[in-house]
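Only heavy atoms go into these numbers, but all of them, side chains included; no hydrogens, no water, no symmetry mates. Order of listing sets the numbers, starting from 1, for every ligand and every atom in it.
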Amino acid sequence: MSERETWATRAGFILAAVGSAVGLGNIWQFPFKTAQFGGSSFLLVYLVAVLGIGLPAILAEFVIGRKAKLNTIDAFEELGYRNWRIVGVLGLATGFWILSYYSVVGGWVLRYIAGSVTGAYFADPAAYFGQISMGVDALALHAVFMALVIGIVALGIEDGIEKATKLMVPSIIVILIALAVWAFTLPGASEGYTYFLSPNFGALAANFGEIVPFAVGQAFFSLSLGMGAMITYASYIDGDESLFGDSLTIVVLNTFVGVLAGLVVLPLLFAQGIDPNTSGAGAVFVSVATAFAELPAGNALGFFFFVVVLIAALSSAISLLEVVVSWAVDNTSYSRPVIATGLGGVIFALGIPSAWDTAWLTWFDTLAYQLLLPTSVLGILIFVGWVYGRPALAELLKGSTANEGLGLTWLWTARTVVIAGVLGTLLLGFQTLFVDGAIVPPF
Ligand code: PHE
């Protein structure tokens, strides 16, 4: 077997991980959920979830990946625990599952970029979404999006993913900042800021049981945890760098982009008198498109907005495909391009129902959020905290100036608070799945 690939630079690894984290979750979900769940009081809960649960969990994945330097399944065997490969299998399956519909949404975004230029959605944004989100149209664009993802992953770690994300992540931040500045100039923008950022403890208290698991789930999804993505990316680290430092950078940048997206979207909606309190897979597209349709420079603004969403979605999707590709590269003698195309094709096929009918997309998403993700993260935490234990601590401290005390704090936090938090989230998800019946596929 040829030598395993690595990142060329430390910044390359960090940017790739940020690219994975920053995605549809930040721009498509986060601003709306924050607004809906009580603004800055939700933000507070989310920050606690990200720092208290997400950060220890991302460290756990990094430790496994960097120590084993193998794909998310074989890593467990490499560390001496063959049976725990089942956790890797679950993560890989979750990644497969999520990419199948993530790519369908990526296809919608492609369509909206074109639609902004031509003004196709301006006349009737709701009807437009209905037309392009299902059936042959959606299927075709799902294929185009998947082809882009395959193309980047086929080029490999350094020449594909690293080069691409080095360009993509700064572009996302620059364009979003420019859009946020523009949004600031809109009449009515301040109403949007108030809605987004002013605390509403009443709303928080009233929905606490729903908000906390959502905040935790969002922290996992947004940080790309529980899908083998961070294990895989860390497996390409060459040498030892401070995992604490890297994780903190990634977590902070990821949260920053979410807030930035809110500072674009909410003033925009309020300026046009559109209610952000909508739900459903397409609501965000429809409401944002409605705002662009009514603005003087709507074509250009819509174009840049959807380009940002596309870049963010692409840099996340490549990390999902890389999880499976990495496994096949480590275990077969096929070339990377052949593997990427083959597995990408299978994922495309799995996404066909979601492209055909958004009811399927919602079903795939609910199962991922409520069941697959938390179960997979739980497996990783139990493994790192209670099974692997001390060697994990040693690996974490390698290349770091942090002292043993900080490491122990991490280990015990992961073992107790974090596991409890994930378990709670999982149990609350069971309510949705089994009592409300969300587990039943929409045949
Ligand atoms: N973190 C990405 C987002 O917020 C989604 C994602 C999950 C990407 C898992 C890769 C792996 O959109």
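- For atom 5 (C) of ligand 1, the candidate residues are Y233, F221, F220, W28; the nearest heavy-atom contact is made by F221.
- Aromatic rings from W108 and F129 are positioned such that their centres are separated by under 6.0 Å.
- You'll find the ring centres of Y128 and Y112 inside the 6.0 Å limit.
- Looking only at distances, no side-chain donor or acceptor of S222 sits under 3.5 Å from a matching main-chain atom of A219.
- Under a 4.0 Å heavy-atom criterion, Y102 is in contact with ligand 1.
- Counting only heavy atoms of the protein, atom 9 (C) of ligand 1 lies nearest to M227 SD, 2.8 Å.
- Classification of K166 and E158 as a salt-bridged pair fails, no side-chain N sitting under 4.0 Å from a carboxylate O.
- In this structure, atom 11 (C) of ligand 1 lies nearest to the protein heavy atom L320 CD2, 3.1 Å.
- Within a 6.0 Å radius of CD1 in I86, other residues, nucleotides and ligands contribute 12 heavy atoms or fewer.
- Applying the 4.0 Å criterion to heavy atoms of G25 picks out, from ligand 1, the atoms 3 (C), 4 (O), 12 (O).
- Within 6.0 Å of CH2 in W327 there are 12 or fewer heavy atoms belonging to other residues, nucleotides or ligands.
- Side-chain atoms of E61 and S224 include no donor-acceptor pair closer than 3.5 Å.
- Close approach to S319 involves these atoms of ligand 1, each under 4.0 Å from a residue heavy atom: 10 (C), 11 (C).
- In terms of protein heavy atoms, atom 6 (C) of ligand 1 is closest to S224 OG, 3.7 Å.
- Heavy-atom proximity to S20, at under 4.0 Å, picks out these atoms of ligand 1: 1 (N), 2 (C), 8 (C), 10 (C).
- The protein heavy-atom contact nearest to atom 4 (O) of ligand 1 is A21 O, 3.1 Å.
- Contact atoms of ligand 1 toward S316: 2 (C), 8 (C), 10 (C) (distance under 4.0 Å to a heavy atom of the residue).
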